[in-house]
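All remarks here apply to the structure that follows.
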Amino acid sequence: MSTHRSLAGITSLRGLAATLVLVVHSFLILGYSQQYSKNFELTNIGVDIFFVLSGFIMAFAHWDDFGKGTKSVSLFIKKRVVRIYPMYLIITLLTAIILYVAPHLFYAMKYSNELVLKSILFIPSEVG
C-alpha cells in the first residue's frame, strides 16, 4: 500500500477537524457566540484532533530525518516556513484589509497596525 493511500483517511479526518475549527472561530469572530447552542461548542474538539493528526503526519513524513543532527532540523524548519508562511501572510493581510475597510463585519477584533505587524511576525498579542 502506498504512503499517499495509507494517509488518505487521516488527511480527510484532519480536513474535517480544520473545518470545525474554522466554523467555531468564524462564529466567535463574527459575534455569534451567544446565538448558537452550547452543544455547538463540542466542535472545539476539532483543534485537538487537528493538531494530533498534524503531528502524526509530520512525524510520518519526516521519520527518516530523525537523528541526523542540526542539518535535518534546519531543513525541516525551512520546509515548514516555505509551505506555510506564504498562505498565512496572504490570509493575514486579506483579513487586515477587510478589518480596516469594513470593521463592522467583525465583532471581536479592531484594526491596528501593531496587531497586523505582530501577527505577521508571529509575536503574541491581545486581539482587540
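Every value quoted in this text rests on a predicted model; they were computed, and no experiment measured them.
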Side-chain donor-acceptor pairs of residues 79-98 under 3.5 Å, sequence neighbours excluded:
unit_1, atom_1, unit_2, atom_2, d
Y85, OH, I120, O, 2.9
Y88, OH, S119, O, 2.7
Y88, OH, S119, OG, 2.9
T92, OG1, Y88, O, 2.8
T95, OG1, I91, O, 2.8

Report all side-chain donor-acceptor pairs from residues 45-58 shorter than 3.5 Å, counting only partners two or more places apart or in another chain.
unit_1, atom_1, unit_2, atom_2, d
S54, OG, R14, NE, 2.7
S54, OG, F50, O, 2.8

Point to revise | Contact list for residues 113-125, test salt bridge (Lys or Arg N to Asp or Glu O under 4.0 Å), sequence neighbours left out | key: E114-K118

Check your understanding: How would you list, by chain and number, every residue that makes a side-chain contact (heavy atoms from CB on, under 4.5 Å) with L117, sequence neighbours excluded?
Key -> L121

Review point. Who are the ring pair (Phe, Tyr, Trp, His ring centres under 6.0 Å) partners of Y100, not counting sequence neighbours?
Key: Y111

Exercise for review: Look at the side-chain heavy atoms of Ile, Leu, Val, Met, Phe, Trp and Tyr, link any pair under 4.5 Å apart, and say whether L75 and V73 land in one connected group.
Suggested key: no

Exercise for review: With sequence neighbours left out, write down each residue that passes side-chain contact (heavy atoms from CB on, under 4.5 Å) with L22, or none if nothing qualifies.
Suggested key: S26

